[in-house]
Amino acid sequence: MTRLSRYLLPTERQPPSDAEALSHKLMVRAGLIRQVGSGLWSYLPAGWRSHERTVQIIREELNAIGGQEMLMPVLLPAELWKRSGRYEIDELFKLDDRKGAPMVLAMTHEEVVTSHVAQFVRSYRDLPLTLYHFQTKERDEPRPRAGVLRTREFIMKDSYTFDRDAEGLQISYDAHIDAYDRIFERCGLEFYRVDSDVGMMGGSGAHEYMAPCAAGENEVALAPGYAANVEVASAVASAVPGLPMAGGLPERVSTPGLTTVAEVAGALGVLPGALLKAFPIVVDGGALTLVLVRGDHRVNEFKLRNFLQADFRQASVEEIEAQIGPAGFIGPVGVSIPVLLDESLSTDHAYIAGANQPDAHLTGVVAGRDFPYTRADIRNVEEGDLVGGQAIRIEAAIEVGNIFKLGTRYSEPFAATYLDEQGEQQLVWMGSYGIGPARIMAAAIEQFADEKGISWPRSLAPFDVEIVAVGKPDTPERAAADAVYAGLQAVGLDVLYDDRDLGPGEKFADAELLGCPLRVTVGRRTLESGELEVQVRRGRIAHEGIALDQAGEAVRQLWQTLP
RNA sequence: CGGGGCGUGGCGCAGCCUGGUAGCGCACCUGCUUUGGGAGCAGGGGGUCGGAGGUUCAAAUCCUCUCGCCCCGACCA
């Protein structure tokens, strides 16, 4: 049923008042989705068609690397999550069944799939194994946002690989890289595969697939041959002009009431980069540590956490004043706690730092000579930093997929083991891999929409072609439109036929809002010229020269040339 | 969790300050006209004003509580 007169496609002239992101506005306006609650969305027929096209691309490429599709439940016994140690996660929905047994709603499926594999896999001959499914995920997000970009319930493709050892995992991981590259390519997205944080889960490697666009929640650092999430990105800082070389011993300068880098730099007539920014933290276990970065840099909490191999928190004012000095005037000289020195700080130059006395700073401070330190790369990269001699730029992006080497994180608690050739029991090595089809849709909309609406990549569009019939019902031009409809369907195209009894303006506007890659107009002019009027949605380019009587094949061939 | 904002017909909004018949645009229904870029005329239908309690002769409007939703930040296996 793809006659628009009978199809549920409730388009809106105005976006919902609370929508901010472009994809959110357009998906609602084009009649693809409707909100049910915060972070909860229904897909209307056309939106679901796009979602399912995305799903099918993912399915084909995972099957191509030997993935086996299955289905695991959303509702799970809490026991599984207690065993993996993830029951305490705040985002995990928890509930009781009628007997009072604790249950959870799956936010991902490592626990279930590993418990299955622990049962089935006995021998090295059973490995490797790649399993996947498309299943609803439930996450009690602190802040759902931007339409389908961050929701509390969404469908995810999650796949899991099981191998004998780290080398096997690497092979499975590489196969997923190939499949993912093809998937996002086929989806018509601009995307990057970037290095990403392995987090506290202790995996041995991870990448994210990032689709750059304005609504993105993540930032990626990019340079020729380099792509990384800013959470883990590493680069050479640009030098601070006019930074003095190490010289005489530190001298105290009076800085009454000046507690910020900007204030001190301004008062002393130097660049912010001439200062040491002190960031006191308390590492898990209780040790107070002073983290130093350049005045114009920011501490990167992911990199710091990874370096420490432990969690940490910012020190309280009480802790700072008890063990370091007055807040706003702290520095590394003379303190008795460990100092972490960011790699971008020079040991040959002199910096300005807090004096650990009220209303005073020190100039001429030299790392090593004036205080002991440990080196670490713990700062956020900045636009213009160098990687391999090339300046990086930073772009906002949507995370559309991720791949993660889990290692034995789950095989241990679930005792997923096998017997090797020597009869020795070994742990299975795992990888896990996610893709959010809804985010692919939203990213495609963000990347290619124009002022008229959505402009789908042809692989994701709800329909390949939309026919706009201009003219009254029961006229020769309507009969011609009917014939074109049949002709396009006959060559295998998915066609949406706007046969509504409306003016042409509304139909054109709706067609461009929905954004199918081709729009075919059939009206009196068509009959007069004997030629089909075709508009390529991307760029809104008119395409001429298709004869009405052989429309089907010609339109199909044109469609195949589209992005 | 901190900060800010908003709940009035399907969508977008006004009305609230200063209490007194619930209104506008679009959409919808009927009829006629119109049909190549969001038509015209005429008639019509639809709203417990998020919810509860209170003040008052009278509450969309004032007060209290509460629920929901959005944005920024924090957080994001």
Side-chain angles (χ1 to χ4, degrees), chain A residues 8 10-21 24-25 28-31 34-41 44 80-81 84-93 104-111 137-147 149-152 154 156 158 196-203 206 208 215 217-218 229 231 301-302 305 311 313-314 399 402 404 406 409-410 432 434 436 452-453 468-475 477-478 481 498-513 519-529 533 535 540 542:
Chain A
L8 178 62
T11 56
E12 296 289 346
R13 201 177 281 224
Q14 285 165 312
S17 59
D18 53 18
E20 206 66 30
H24 179 186
K25 292 178 183 171
V28 173
R29 283 193 56 213
R34 280 294 186 274
Q35 183 164 23
V36 176
S38 179
L40 301 171
W41 293 85
L44 303 182
L80 282 169
W81 286 70
S84 69
R86 295 208 291 180
Y87 186 68
E88 302 308 325
I89 292 173
D90 289 334
E91 281 73 23
L92 185 65
F93 277 105
V104 303
L105 299 178
M107 49 191 291
T108 176
H109 283 81
E110 279 86 0
E111 280 83 355
K137 302 291 182 270
E138 306 284 350
R139 300 182 183 184
D140 197 358
E141 289 285 349
R143 185 154 97 80
R145 62 175 291 275
L149 277 186
R150 178 165 293 276
T151 55
R152 294 196 291 178
F154 62 99
M156 179 162 94
D158 38 329
S196 75
D197 186 36
V198 295
M200 292 301 286
M201 306 209 18
E208 290 160 339
E217 294 186 286
N218 295 88
N229 193 316
E231 292 170 358
E301 301 196 0
F302 293 88
R305 195 171 285 122
D311 211 348
R313 61 174 172 82
Q314 250 181 287
E399 181 186 346
N402 63 66
F404 197 98
L406 283 173
R409 164 70 178 82
Y410 292 91
S432 81
K452 296 288 185 181
V468 172
V470 177
K472 296 182 210 180
D474 304 317
T475 56
E477 50 266 34
R478 256 326 154 85
D498 191 348
D499 61 338
R500 295 174 298 176
D501 189 16
L502 291 178
E506 264 178 286
K507 294 188 176 189
F508 291 142
D510 271 354
E512 282 161 349
L513 177 59
R519 186 188 79 195
V520 170
T521 308
V522 181
R524 193 180 301 147
R525 283 188 206 161
T526 320
L527 290 180
E528 287 165 3
S529 69
E533 289 170 78
Q535 186 206 61
R540 301 180 66 219

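None of these values were measured; they are calculated from a predicted model. Residue numbers start from 1 in every chain, and the chains themselves are labelled A, B, ... in the order their sequence lines are given, proteins ahead of strands.
Taking atom C1' on both B:C71 and B:C32, the two are 48 Å apart, rounded to the nearest angstrom. Separating the C1' atom of B:A52 from that of B:G10 is a span of 27 Å, rounded to the nearest Å. Comparing B:G19 with B:U61, their C1' atoms sit 6 Å apart, to the nearest whole Å. With C1' as the reference atom, B:G15 and B:C62 are 16 Å apart, rounded to whole Å. The same atom, C1', is picked in B:A60 and in B:A74; the two are 36 Å apart, to the nearest Å. Separation of the C1' atoms belonging to B:C26 and B:A14 is 15 Å when rounded to the nearest angstrom. Taking the P atom of each, B:G73 and B:G37 are spaced 43 Å apart, rounded to whole Å. Rounded to a whole angstrom, the distance from the P atom of B:G68 to that of B:C28 is 34 Å.
The distance between atom CD of A:Glu88 and atom P of B:C76, rounded to the nearest whole Å, is 16 Å. Going from atom CG of A:Asn402 over to atom P of B:A77 covers 10 Å, rounded to whole Å. The distance between atom CD of A:Gln14 and atom P of B:A14, rounded to the nearest whole Å, is 12 Å. Rounded to an integer number of Å, the gap from CZ of A:Arg86 to C1' of B:C76 is 13 Å.
Checking side-chain atoms of A:Gln35 against main-chain N and O of A:Gly37 turns up a donor-acceptor pair under 3.5 Å. Under the 3.5 Å distance criterion, the side-chain polar atoms of A:Arg478 are matched with a main-chain donor or acceptor of A:Asp499.
By the side-chain hydrogen bond (donor to acceptor under 3.5 Å, both in side chains) test, A:Arg139 is found to be paired with no residue, residues two or more places apart in sequence or in another chain being considered. For the ring-ring contact (aromatic ring centres under 6.0 Å, His included) test, no residue two or more places apart in sequence or in another chain qualifies with A:Trp81. A:Glu506 pairs by the side chain to side chain contact (heavy atoms under 4.5 Å, CB included) definition with A:Leu502, not counting sequence neighbours. In this view, A:Asn402 and A:Glu399 satisfy the side-chain hydrogen bond (donor to acceptor under 3.5 Å, both in side chains) rule, not counting sequence neighbours. With sequence neighbours excluded, no residue forms a side chain to side chain contact (heavy atoms under 4.5 Å, CB included) with A:Arg13. Looking at residues two or more places apart in sequence or on another chain, you find a side chain to side chain contact (heavy atoms under 4.5 Å, CB included) between A:Arg524 and A:Glu477, A:Glu528. Judged as a side-chain hydrogen bond (donor to acceptor under 3.5 Å, both in side chains), and not counting sequence neighbours, A:Thr521 has no contacts. The side chain to side chain contact (heavy atoms under 4.5 Å, CB included) search around A:Pro10 returns A:Leu8, A:Arg34, A:Leu44, not counting sequence neighbours. Scanning for side-chain hydrogen bond (donor to acceptor under 3.5 Å, both in side chains) contacts around A:Asp510 gives A:Thr11, A:Arg500, with sequence neighbours left out.
Taking the side chain as every heavy atom from C-beta outward, A:Arg86 and A:Val104 never approach each other to under 4.5 Å.
The nucleotide B:C69 finds its pairing partner in B:G5, both defining distances of the Watson-Crick or G-U wobble pair being shorter than 3.5 Å. B:C49 is unpaired under the Watson-Crick or G-U wobble criterion, no partner having all donor-acceptor distances under 3.5 Å. The base-pairing partner of B:G25, taking Watson-Crick or G-U wobble contacts with both distances under 3.5 Å, is B:C11. Nucleotide B:C32: paired with B:G40 (Watson-Crick or G-U wobble, both distances less than 3.5 Å). Nucleotide B:C16 forms no Watson-Crick or G-U wobble pair with any nucleotide shown, as no partner meets the under 3.5 Å limit on both distances. Here B:A77 sits opposite no nucleotide as a Watson-Crick or G-U wobble pair (both hydrogen-bonding atom distances under 3.5 Å).
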- Given the rule in the salt bridge (Lys or Arg N to Asp or Glu O under 4.0 Å) test, do A:Arg409 and A:Glu110 qualify, once you have shown the distances and angles that lead to the verdict? CA-CA 10 Å; A:Arg409 164 70 178 82; A:Glu110 279 86 0; over 6 Å; no
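Residue-to-nucleotide contacts include a donor-acceptor pair under 3.5 Å from the side chain of A:Arg150 to the base of B:C76.
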Identify all pairs in which a protein N or O lies below 3.5 Å from an N or O of nucleotides 44-50 of chain B, and state each distance.
none

Give me the distances for all protein-to-nucleotides 32-42 of chain B N/O pairs that come in under 3.5 Å?
| from | atom 1 | to | atom 2 | distance (Å) |
| --- | --- | --- | --- | --- |
| B:U35 | O2 | A:Leu502 | O | 3.3 |
| B:U35 | O4 | A:Asp501 | OD1 | 3.3 |
| B:G36 | O2' | A:Arg525 | NH2 | 2.5 |
| B:G36 | O6 | A:Gly523 | N | 3.3 |
| B:G36 | O6 | A:Arg525 | N | 3.1 |
| B:G36 | O6 | A:Thr526 | N | 3.4 |
| B:G36 | O6 | A:Thr526 | OG1 | 3.3 |
| B:G36 | O6 | A:Glu533 | OE2 | 3.2 |
| B:G36 | N1 | A:Glu533 | OE1 | 2.9 |
| B:G36 | N1 | A:Glu533 | OE2 | 2.4 |
| B:G36 | N2 | A:Arg525 | NH1 | 3.3 |
| B:G36 | N2 | A:Glu533 | OE1 | 2.0 |
| B:G36 | N2 | A:Glu533 | OE2 | 3.3 |
| B:G36 | N3 | A:Arg525 | NH1 | 3.3 |
| B:G37 | O4' | A:Gly505 | N | 3.4 |
| B:G37 | O6 | A:Arg519 | NH1 | 3.2 |
| B:G37 | O6 | A:Arg519 | NH2 | 2.9 |
| B:G37 | N1 | A:Glu512 | OE1 | 3.2 |
| B:G37 | N1 | A:Glu512 | OE2 | 3.3 |
| B:G37 | N2 | A:Glu512 | OE1 | 2.6 |
| B:G38 | O4' | A:Glu506 | N | 3.4 |
| B:G38 | O2' | A:Arg13 | NH1 | 3.0 |
| B:G38 | O2' | A:Arg13 | NH2 | 3.3 |

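Using a 4.0 Å heavy-atom criterion, one finds that A:Pro10 contacts no nucleic acid atom at all.
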- Under a 4.0 Å heavy-atom criterion, the protein footprint on nucleotides 68-75 of chain B, written with B, S and -, is -SSBBBBB
